[in-house]
Amino acid sequence: MERYPMSRLIVISNRVQAPSPDVGSGAQGGLAVALNAALAEEDGIWFGWSGETSDDRELRFQTYAGVTSAVMDLSEQDVEEYYDGYANRTLWPLFHYRLDLTEFERDFQGGYERVNRVFGERIGPHIRPDDLVWVHDYHMIPLGWVLRQQGVTNRIGFFLHIPWPPRRLLTALPDHRRMVEALFAYDVVGFQNDEWLDSFCNYVTEEMGGSIGENGAVTVGGRTIRAISCPIGIEAKDFIAEAGGPVARAAQLQQLESGVGRSLIVGVDRLDYSKGLPERFSGYERFLQNHPDRRALVYLLQIAPPSRTAVQTYRDIRNTLEQMSGRINGAFADTDWVPIRYVNKGYARDVLAGIYRAARIGLVTPLRDGMNLVAKEYVAAQDPRDPGVLVLSRFAGAAPQLGVGALLVNPYSAEDVADAIDKALRMPRAERIERWQAMIDNVVTEDVIWWRRRFIDALLAQPVAGDVLTV
């Protein structure tokens, strides 16, 4: 594997996923695997929040498996205003096109900026002159600007893992221009696909009078950065191997036996309103209504681990799904069959790989998603001789890459989802193989290592930072 011409890679994100003796490799996601590999190669450091609350703001360093992490605690007020507040009750819903759920509180914004300043103050002294700095996601948008104020002149990149909203939505955010100006402290800004990149460029030209040049150059005033589309992938080869391993095979067999010959439809999503779970249940219910002769031949397994339970909208979505699953099961179940198995807990990746492999249909229907790696994991887990069918929302970030083989649906339309389920169940093996082959080629080629190299290569190609916009 190539080595980047730098002393270290500095990764900064809200939470740290560095390897730990207490966490098995199967529990780590593709992002963690890719970044940990780069950190180990370059003797880098991963900075972020510990997940704990206290008034101690000192960084705590540890090294395991060649990777150094450094975390600090946040106060209860910090968590309430920065994390539960501005990040997850303001930016998250707004960036997922849910203006109706977006909360605008001045205290939230103040806490968000305060915590980013604290991160900058604590991390800045640990950055060496030739380090490459990579900041991740919506929690940390102002951090590059804070580091510039600390005198950091290194190349700094930022990658947004969630959608970037259209200009008319973004302008609903108080001080929206201030937030976008902060992005011009970075040298490279990455988005999951061309749609989000185009929305960013449209904002810059229409709201800031900026210009778009060649090769992603974006200029406002005297400051030029590079904005790129850089879709994240999974660690495809490792996941394919896991899907054929003993743990996955045992999970696959368990599902096949418990299904007693019925076709499994699987959904795996964090419990979040952006995932379109009520709409998915409605689409499945419509399928049951439209095809009474096929009701007892299928079942839906929906795995939905809870998240952000301190936020009311997340408690609301859980209550909604419990009511819907109970109503659908009550209306359609028989003595030996339940149409929905609704599970509120997470599973290790190798177990999920076996469940994916057992499923005739992977149902991935978010209302809006930055990428959705479950879609790519489902494809990677399939048996090449008898693959299942991916039913994918056209509003998922993965749609531009996987639309070549997936059945694309409008997740808001129950009829569209129901028709896709019917088509997937009827699809002959030859067509399933052809569609799967088109998708797996992309999943393997544009994997998480490809994503990491593409972004870092773009960052290395940028000139060292000069002046930044005044925020």
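The salt bridge (charged side-chain N to carboxylate O under 4.0 Å, His left out) check on R286 picks up E415, with sequence neighbours excluded. Remark: E431 engages R435 in a side-chain hydrogen bond (donor to acceptor under 3.5 Å, both in side chains) (not counting sequence neighbours). Partners of I433 under the side chain to side chain contact (heavy atoms under 4.5 Å, CB included) rule, at least two apart in sequence or in another chain, are P387, R429. Partners of D238 by side-chain hydrogen bond (donor to acceptor under 3.5 Å, both in side chains), not counting sequence neighbours: none found. In this view, F455 and W134 satisfy the ring pair (Phe, Tyr, Trp, His ring centres under 6.0 Å) rule, not counting sequence neighbours. Judged as a ring pair (Phe, Tyr, Trp, His ring centres under 6.0 Å), and not counting sequence neighbours, the contacts of F158 are Y186. For R432, the side-chain hydrogen bond (donor to acceptor under 3.5 Å, both in side chains) partners at least two apart in sequence or on another chain are D386. Partners of R98 by salt bridge (charged side-chain N to carboxylate O under 4.0 Å, His left out), not counting sequence neighbours, listed by chain and number: D100. Applying the salt bridge (charged side-chain N to carboxylate O under 4.0 Å, His left out) rule to E195 yields the partners R368; only residues at least two apart in sequence or on another chain are considered. The ring pair (Phe, Tyr, Trp, His ring centres under 6.0 Å) check on Y112 picks up Y86, with sequence neighbours excluded. The salt bridge (charged side-chain N to carboxylate O under 4.0 Å, His left out) test applied to D78 returns R57, R114, not counting sequence neighbours.
Aromatic rings from F191 and F200 are positioned such that their centres are separated by under 6.0 Å.
Pairs of residues two or more places apart, or lying in two chains, that qualify as side chain to side chain donor-acceptor pair (under 3.5 Å) and include a residue from residues 324-340 are E285-R327.
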